[in-house]
Amino acid sequence: MPTDAVIVAAGASTRFGSADKLTADLAGRPLIAWSLAAFEAVRGLGCLVVVAAPGREAEFEELARTWCPRVCFRVVAGGARRRDSVEAGLRTCSSRYVAIHDGARPLVTPALIERTIEAAQGLPGAIAAVPVTDTIKEVRGGRIVGHPDRSLLWAAQTPQVVLRQAWLDAAAMSDNDETDDAAMLSRLGLECAVVEGSYDNLKVTRPLDLDLAARLLAAREAAR
Ligand SMILES: Nc1ccn([C@@H]2O[C@H](COP(=O)(O)OP(=O)(O)OP(=O)(O)O)[C@@H](O)[C@H]2O)c(=O)n1
Ligand SMILES: C[C@](O)(CO)[C@H](O)COP(=O)(O)O
């Protein structure tokens, strides 16, 4: 069965500074173009829904037409929070499972997307993640209050592949925010599998991350 996908790209890029990070130049392409091209190469992809900031739908339709011309795509307006944008995308999909991806993660690969889709089959979902390498502390009021066991800690990435209806049912339980889709499913007691992602599948959040992404892309191209 084809799997639909949602690329969320409607954020305000606040931590990135004044510019919009999703159309920032990355190795000669708009940043989001790399995710669009990666999803176009995914075997068994259904419809690709790009969630754009309200008023920028036409701009992102042109980007999708340019960078993933061979897939069925739709562009819809996002909302105030990531979870609102994910919901707008999911309501436009029809497949049982949907792969949700941050447009701010340009180095995702078709292989990781396919592995995550495969891992989700028969489960509530599956997410890409990597084991943390720093020791993590829980901090309140500037003081350490917890020393989580590092061996149990993973940094969540995207894609996050979820049962579409379960995500929508969980979202309807409360308007409280969740920062990722696995957390949304956990509201129903549904826990996702984890697929080992890649440390270069970074999220461009700050200007430094764009420089890192460019270096990683150059290294990837050189290794071809
Ligand atoms: N209302 C929102 C918020 C976020 N996103 C998307 O969710 C992904 C992860 O969010 P993040 O990296 O935090 O992007 P921003 O919210 O734009 O960043 P900031 O918090 O710095 O404003 C991004 O692709 C972003 O465009 C979205 O579609 N709609
Ligand atoms: C979904 C995510 O990328 C997993 O790490 C992350 O939670 C997104 O957080 P953001 O603050 O919306 O960038």
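For ligands, and for the atoms within them, numbers begin at 1 and follow the listed sequence. Heavy atoms only: backbone and side chains are in, while hydrogens, waters and symmetry mates are out. When a residue number appears, it is its place in the shown sequence, counting from 1.
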Numbering the atoms of ligand 2 from 1, which are under 4.0 Å from a heavy atom of [X]?
| X | value |
| --- | --- |
| Arg105 | 2 (C), 3 (O), 4 (C), 5 (O) |
| Asp102 | 1 (C), 2 (C), 3 (O) |
| Ala156 | 4 (C), 5 (O) |

Task: Shortest heavy-atom approach to atom 1 (C) of ligand 2 - which of Leu202, Val204, Thr179, Val86 - done: Thr179

Open item on the list: Would Arg82 count as a polar contact of ligand 2, with the cut-off being nitrogen or oxygen pairs under 3.5 Å?
Closed with: no

Task: Any N or O of Gln157 closer than 3.5 Å to N or O of ligand 2 - done: no

- [ ] Using a strict 4.0 Å threshold on nitrogen-to-oxygen distance, state whether Glu40 and Arg70 make a salt bridge.
- [x] yes

Task: First-shell residues of ligand 1 [heavy atom, distance under 4.0 Å] - done: Val8, Ala9, Ala10, Gly11, Ala12, Ser13, Thr14, Arg15, Lys21, Leu22, Gly79, Ala80, Arg81, Arg82, Ser85, Asp102, Gly103, Ala104, Lys203

Open item on the list: Just to verify, which of Val51, Asp4, Thr92, Val6 counts as forming a side chain to side chain contact (heavy atoms under 4.5 Å, CB included) with Arg74?
Closed with: Thr92

So [Y] and [X], do their side chains get closer than 4.5 Å, heavy atoms only?
| X | Y | answer |
| --- | --- | --- |
| Thr116 | Ile127 | no |
| Pro106 | Ile32 | no |
| Leu36 | Val50 | yes |

Task: Arg83 near ligand 2 by a heavy-atom separation under 4.0 Å - done: no

- [ ] Record the part of Arg15 in heavy-atom contact with ligand 2 below 4.0 Å; permitted values are side chain, backbone, both and neither.
- [x] side chain

TODO: List the steps, then state whether salt bridge (Lys or Arg N to Asp or Glu O under 4.0 Å) holds for Asp209 with Arg105.
DONE: CA-CA 10 Å; Asp209 302 319; Arg105 290 184 186 269; over 6 Å; no

Open item on the list: Would you say CZ of Arg187 has more than 12 non-hydrogen atoms from neighbouring residues, nucleotides or ligands within 6.0 angstrom?
Closed with: yes

Task: Donor-acceptor pair between Asn201 and Ser198 side chains, under 3.5 angstrom - done: no

- [ ] Answer yes if the side chains of Arg15 and Thr205 hold a donor-acceptor pair under 3.5 Å, and no otherwise.
- [x] no

- [ ] Evaluate salt bridge (Lys or Arg N to Asp or Glu O under 4.0 Å) for Arg115 paired with Glu196, printing each intermediate quantity in order.
- [x] CA-CA 9 Å; Arg115 280 196 290 124; Glu196 186 144 2; over 6 Å; no

Task: Shortest protein contact, atom 13 (O) of ligand 2 (heavy atom only) - done: Lys203 NZ, 2.7 Å

